[in-house]
Amino acid sequence: MSNITPQEIRREFARSKIGIAGITILLSLIVTSILAVIIIPVETFKEWNDPSSWLEYPKAAIPAWTNIFLAEKIPEHKILNSPKITNIQGDISLTSHQFDLDYNYDDFPNDMIYEFSAQYEGAPLLQMSVIRPDGVKLDLLSASLPYSDSQTTHNERIFSTDRTVQKNAAMNTELFAFSLDGMSAEDVVFSQSNLHIPLNGHYIFVVNLYSVGSENNISESKLIIGGKAFGAMGTDELRRDLAVGLLWGTPLALFIGLVVAIASVVMGLLYGIYAGYRGKKTDEVMMRFNDVVYALPALPFLIILSVTISNSIFLMIGFLMIFGWVGIAKVSRSMALQIKTRGYVEAANMMGQKNSKVILKHILPQLLPYAFASIAISVPAAITTEAGLSFLGLGDPTFPTWGQILHDANEYGAAARGLWWWIVPPGMMIAVTGLAFVFIGNALDAIVNPKLKR
């Protein structure tokens, strides 16, 4: 191994097309990680496995952008949370919330959900209606909220599957030229008058809260029109936004890969250099221990440890470090055996310099180019190992890693059901991340290895 200065490495790397491609991909992953940490609230990360936090999203919805390529437009999931508000106070107080919706799809919504929080006293009357694009007004709900003799706050979700809503929708038989028996409330609301096909146009949903002799207010009002397409990456069977999981998975993958790779290379480098430099019995004992660890089957051993001790992601990182340093130690030992015979190392020994100073000042710097290449090549191995363990159900379920997303997809039969957006994106992210570091590692290896360079 010849002496190569950092300036020479930088110059040679800049000429490598494969290295530049790897750096470009890595920078894009770093930018994605920074955006994920800044844009996505930490609460969303913590609520990844809390089903109640994702109720407003659709189940197993395809990405919304697929509508660009489809002849028949799939209804997109709409979350309307900015209504037009009107407050009238008097003997009869009225709070009115109006939601506007432009509907232009070739199928009916899955459902409708109205979620609200009301502050009132007594038993106010809640009414909900919709004005269709053809001017027809349908009354969907008229019910009193639970009585309270003092000011109270009431939270509720009203579903289109509610018996009262379905009954009110089915009572509009005179407005339609076909039977409404067995039809859902959303089918009635969005059907044309003469045919059971979607009526496209502008819809106005109105929610009124009436009370006598007391003031009332509706806050956190939200109308959800359940669709079959949502977001940039769709949703899974648990209604989770897969874009959130993919974005959060990026910094987690880089963290796991870099921490394991750097720690393993540093441990293996120091261990191998010390064994090679000391030689004799010290070298023999250290290398036999290295052989014992090297002989252990890493993946089965990791599975056993995950099952018996813990599946914490931090413990998994520690296990990956334990098994990742042995190969580096063997190579660095052989390099140290060559370097310690050079004149400047022997001169340092004759001058009485300490072993630690000789190793850190004269031997270790010669192996740094190899260390950087080893780190780059070790990152994909750490990421894919974590993904493999998570896919087998042995990962940390509290972290939305790409492997954990693939595990959940396998659990719910995503492949058999054709839910490609649940499988392909995390698989591609694992492959692209690994490819970036392989490109960088191969470029560095070609620079520091004279044989490959020729």
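Quick note: residue numbers are just sequence positions, from 1.
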Trainee: For residues Trp48 and Arg240, report the shortest heavy-atom separation together with the two atoms involved.
Mentor: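 Smallest interatomic distance, heavy atoms only, reads O-CD, 2.9 Å.
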Trainee: Mind checking whether Phe255 and Phe314 have parallel, tilted or perpendicular rings, split at 30° and 60°?
Mentor: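 The rings of Phe255 and Phe314 stand perpendicular, inter-plane angle above 60°.
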Trainee: To the nearest 0.5 Å, what is the distance between OG1 on Thr384 and CD1 on Ile256?
Mentor: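 Those atoms lie 11.0 Å apart.
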Trainee: Give me the ring orientation class for Trp65 and Phe69: parallel if the planes are under 30° apart, tilted from 30 to 60°, perpendicular past 60°.
Mentor: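 Ring orientation, 0 to 90° scale: perpendicular.
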Trainee: How far does OG of Ser16 sit from CD1 of Ile440, to the nearest 0.5 angstrom?
Mentor: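 Rounded to the nearest 0.5 Å, the OG-CD1 separation comes out at 10.0 Å.
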Trainee: Mark yes or no for whether Asp100, through its side chain, and Ile204, through its backbone, hold a donor-acceptor pair below 3.5 Å.
Mentor: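 Here the side-chain-to-backbone pair does not exist.
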Trainee: Ignoring hydrogens and geometry, is there a side-chain-to-backbone donor-acceptor pair from Asn104 to Asn200 under 3.5 Å?
Mentor: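 Pair absent, no side-chain N/O of Asn104 close to backbone of Asn200.
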Trainee: Check the angle between the aromatic planes of Phe190 and Tyr103 and answer parallel, tilted or perpendicular using the 30° and 60° thresholds.
Mentor: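 Tilted.
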Trainee: Can you tell which of Arg157, His77, Lys222, Arg239 makes a side-chain hydrogen bond (donor to acceptor under 3.5 Å, both in side chains) with Glu56?
Mentor: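 The side-chain hydrogen bond (donor to acceptor under 3.5 Å, both in side chains) with Glu56 is passed solely by Lys222 among Arg157, His77, Lys222, Arg239.
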Trainee: Under 3.5 Å, side chain of Thr235 to main-chain N/O of Pro58, donor-acceptor pair present?
Mentor: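 Such a contact is found between Thr235 side chain and Pro58 backbone.
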Trainee: Taking Ser332 for the side chain and Gly268 for the main chain, is one N or O donor matched with an acceptor at less than 3.5 Å?
Mentor: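 Confirmed, Ser332 side chain pairs with Gly268 backbone.
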Trainee: Closer than 3.5 angstrom, by distance alone: can the side chain of Thr433 be matched with the main-chain N or O of Ile430 as a donor-acceptor pair?
Mentor: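 No; zero donor-acceptor contacts below 3.5 Å.
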Trainee: Please check if any side-chain donor atom of Ser221 sits under 3.5 Å from a side-chain acceptor atom of Tyr114, or the reverse.
Mentor: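 Ser221 vs Tyr114: donor-acceptor pair found between side chains.
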Trainee: Can you measure from CH2 (Trp422) to CG (Leu242) and round to the nearest 0.5 angstrom?
Mentor: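 The distance works out to 7.5 Å.
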Trainee: Does the gap between the ring centers of His362 and Tyr277 come in under 6.0 Å?
Mentor: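 Ring-ring flag for His362/Tyr277: false, centres at least 6.0 Å apart.
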Trainee: Should we count CZ of Phe159 as having more than 12 external heavy atoms under 6.0 Å?
Mentor: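 Correct, the count exceeds 12.
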Trainee: Mind listing the closest non-hydrogen atom pair of Gly403 and Ser390 along with its distance?
Mentor: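 That closest heavy-atom pairing would be C-CB, 3.5 Å.
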Trainee: Before giving the answer on salt bridge (charged side-chain N to carboxylate O under 4.0 Å, His left out), spell out for Glu284 and Arg288 the whole-Å C-alpha distance, their side-chain angles and the decisive distance to 0.1 Å.
Mentor: CA-CA 6 Å; Glu284 184 70 20; Arg288 295 297 75 78; 2.6 Å; yes
